Novice: 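Can you read through this structure? Questions will come right after.
Heads up: numbering here begins at 1 and tracks the sequence. Numbering of ligands and ligand atoms starts at 1, following listing order. Fair warning: this is a prediction, and the values are worked out from it, not measured in the lab.
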Amino acid sequence: MGQYERHVFVCTSGSTCPGQGGDLVFATLKKGAAAAGLHGIVRVNHSGCMGQCGNGPMVAVYPEAVWYSHVDVPGAERILHDHLIGGQIVEDYRYVASPGDNKLPK
Ligand code: FES
């Protein structure tokens with residue numbers, strides 16, 4: 001196991017996720033995890049581009065290696081409560097794509 005039970009990455013500095021609400025998703029997860037008493041257990045970090053531009057905001061959760069796409073604030077709240085607290089993957093937002101880059105045309 002790493003330093004945290006879960007490590008969450010939110011794309012906030014690529015070419016599309018910031019304009020789609022990535023910062024709001026980050027803040028929702030960061031503040032929500034702290035409010036839930038997960039400090040030191042779940043780490044929420046900013047991320048650069050994940051190579052999935054246009055599908056965001058993107059969120060990745062490890063160690064499960066589950067990626068989420070088109071995450072909005074309600075989605076971030078579900079990821080917080082269902083996945084980070086409850087351990088259940090949020091299938092409605094789960095990202096399924098071919099391995100590697102999957103950037104949508106601008
Ligand atoms: S900008 Fe978020 S995946 Fe590229």
Novice: For the residue pair P18 and T12, what are the closest heavy atoms and their distance?
Specialist: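 Taking every non-hydrogen atom into account, CG-O, 3.2 Å.
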
Novice: Could you list which atoms of ligand 1 come closer than 4.0 Å to a heavy atom of S15?
Specialist: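 In order of numbering, the contacting atoms are 1 (S).
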
Novice: Atom 4 (Fe) of ligand 1 to C49: any N/O/S contact under 2.8 Å?
Specialist: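 So C49 counts as coordinating atom 4 (Fe) of ligand 1, yes.
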
Novice: For the residue pair Y62 and F9, does the interplanar ring angle fall in the parallel (under 30°), tilted (30 to 60°) or perpendicular (over 60°) class?
Specialist: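 Rings of Y62 and F9: perpendicular, over 60°.
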
Novice: Report yes or no: do V10 and V66 belong to one cluster of Ile/Leu/Val/Met/Phe/Trp/Tyr joined by side chain heavy-atom distances under 4.5 Å?
Specialist: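 Shared cluster, yes.
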
Novice: Examine the proximity of ligand 1 to C11 and report which part, side chain or backbone, both or neither, has a heavy atom under 4.0 Å away.
Specialist: side chain

Novice: For Q52, take its heavy atoms, then give the atoms of ligand 1 lying under 4.0 Å from any of them.
Specialist: 3 (S)

Novice: Would you check if the distance from the ring center of F26 to the ring center of H46 is below 6.0 Å?
Specialist: yes

Novice: Which atoms of ligand 1 sit under 4.0 Å from any heavy atom of G51?
Specialist: 3 (S)

Novice: Are any of the side-chain heavy atoms of V61 and H83 separated by less than 4.5 Å?
Specialist: yes

Novice: Within ligand 1, which atoms have a heavy atom of T16 less than 4.0 Å away?
Specialist: 1 (S)

Novice: Mark up the atoms of ligand 1 that fall under 4.0 Å of a heavy atom belonging to G14, in ascending order.
Specialist: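 Those atoms are 1 (S).
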
Novice: Would you say that more than 12 heavy atoms from the other residues, nucleotides or ligands in this model lie under 6.0 Å from the CD of Q88, or not?
Specialist: no

Novice: Considering heavy atoms of the protein only, find what lies nearest to atom 4 (Fe) of ligand 1 and give residue, atom and distance to 0.1 Å.
Specialist: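 So the nearest neighbour among protein heavy atoms is C53 SG, 2.4 Å.
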
